[in-house]
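Reading through the structure tokens given below for one structure.
Below, all heavy atoms of this structure are taken into account, side chains as well, without hydrogens, waters or symmetry copies.
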Amino acid sequence: MSGFLPTIDPAIWQRYPEYRALSVAVRDFRPEPGAPIPAIPLEPPAWLMEHLEAWRGAFRAFGANPKKTPCSVEALWKRVQKNGSLPSIDPVVDLYNALSIRFGACFGGEDLDRYAGSPRLVVARGDEPFDTVRDGMPVTEHPDAGEVVWRDDLGVTCRRWNWRQCKRTALGQDSRNLWFIIDRLPPMPVEEAMRAGRELVSGLARISPGITHSINLLEPGA
């Protein structure tokens, strides 16, 4: 993982110059039995609705319908509004889902050891493979041409920017080297994205005290 740093294609900066992403890499994650799970209140920030609208506009700009395929934080917020809570999946996912609501930002979590090359955010050609599950069966789909996707050397790892992750790089109980991406558009302050990254690391360190980490802000010219 030495020297690991995701990249953003220049075409993304040209189309979305105010976009910023925070990359958080966590190494040697080994959860301790009985480790406390941080309690994160599901209280969104004041800018949540404006941030959701900004993401809806970004999705529409590359041809996606945000009503059918909302950004990840909007999908989570709808669950909170409907059920008053989020479903429990595992300590790591539960932590970053709660932080996603708390900061009103899209969070993604991946197993870095399952990546082929470094992650990169690009405009899809439309022929890249994306492995997912449909009706309980594994299938390979393809993004729409012009869609904004995360990918590696083998294919798409997350469709529609932050809508749906693939199965190949999904976090599991045996994941030891983790990678998280926090997506931000105005009006969310960049400093709040940085604070979200610090709180994510703090929460993971309570679950696994021996971790090391690196945090990098992805911005034009960086």
*Approximate separation, where rounding is to 0.5 Å, of Asn177 CG and Phe29 CZ*: 11.0 Å
*Mind checking whether Trp55 and Phe59 have parallel, tilted or perpendicular rings, split at 30° and 60°?*
perpendicular
*Do Glu141 and Lys167 sit within salt-bridge range, that is, some charged N less than 4.0 Å from a carboxylate O?*
no
*Side-chain heavy-atom pair Ser118, Thr7 within 4.5 angstrom cut-off*: no
*Measure from the side-chain N and O atoms of Ser23 to the backbone N and O of Ile181, and report whether any donor-acceptor pair falls under 3.5 Å.*
no
_Salt bridge present between Asp113 and Arg27 (N-O < 4.0 angstrom)_ = no
*Is there a donor-acceptor contact under 3.5 Å from the side chain of Asp144 to the main chain of Glu147?*
no
*Measure from the side-chain N and O atoms of His213 to the backbone N and O of Ala25, and report whether any donor-acceptor pair falls under 3.5 Å.*
no
*Between Thr169 (side chain) and Tyr115 (backbone), is there a donor-acceptor pair under 3.5 Å?*
no
*Between the side chain of Arg30 and the main-chain N/O of Asp28, is any donor-acceptor distance below 3.5 Å?*
no
_Quick one: does any side-chain atom of His51 pair with a main-chain N or O of Leu185 as donor and acceptor, under 3.5 Å?_
yes
*More than 12 non-hydrogen atoms from neighbouring residues, nucleotides or ligands closer than 6.0 Å to CZ on Arg195, yes or no?*
yes
*Could you tell me whether the side chain of Cys106 reaches within less than 4.5 Å of the side chain of Trp161, counting heavy atoms only?*
no
*Carboxylate-amine/guanidinium contact Arg102 Glu199, below 4.0 Å*: no
*Does the Asn65 side chain pair with the main chain of Lys67, one donor and one acceptor, at a distance under 3.5 Å?*
yes
*Under 4.0 Å between a Lys/Arg side-chain N and an Asp/Glu carboxylate O for Arg114 and Asp174?*
yes
*Asp94 and Ser88: side-chain donor and acceptor closer than 3.5 Å?*
yes
*Looking at Glu50, Arg20, Glu18, which one forms a side chain to side chain contact (heavy atoms under 4.5 Å, CB included) with Pro186?*
Glu18
*So, the side chain of Asp131 versus the backbone of Cys166: is there a donor-acceptor pair under 3.5 Å, distance only?*
no
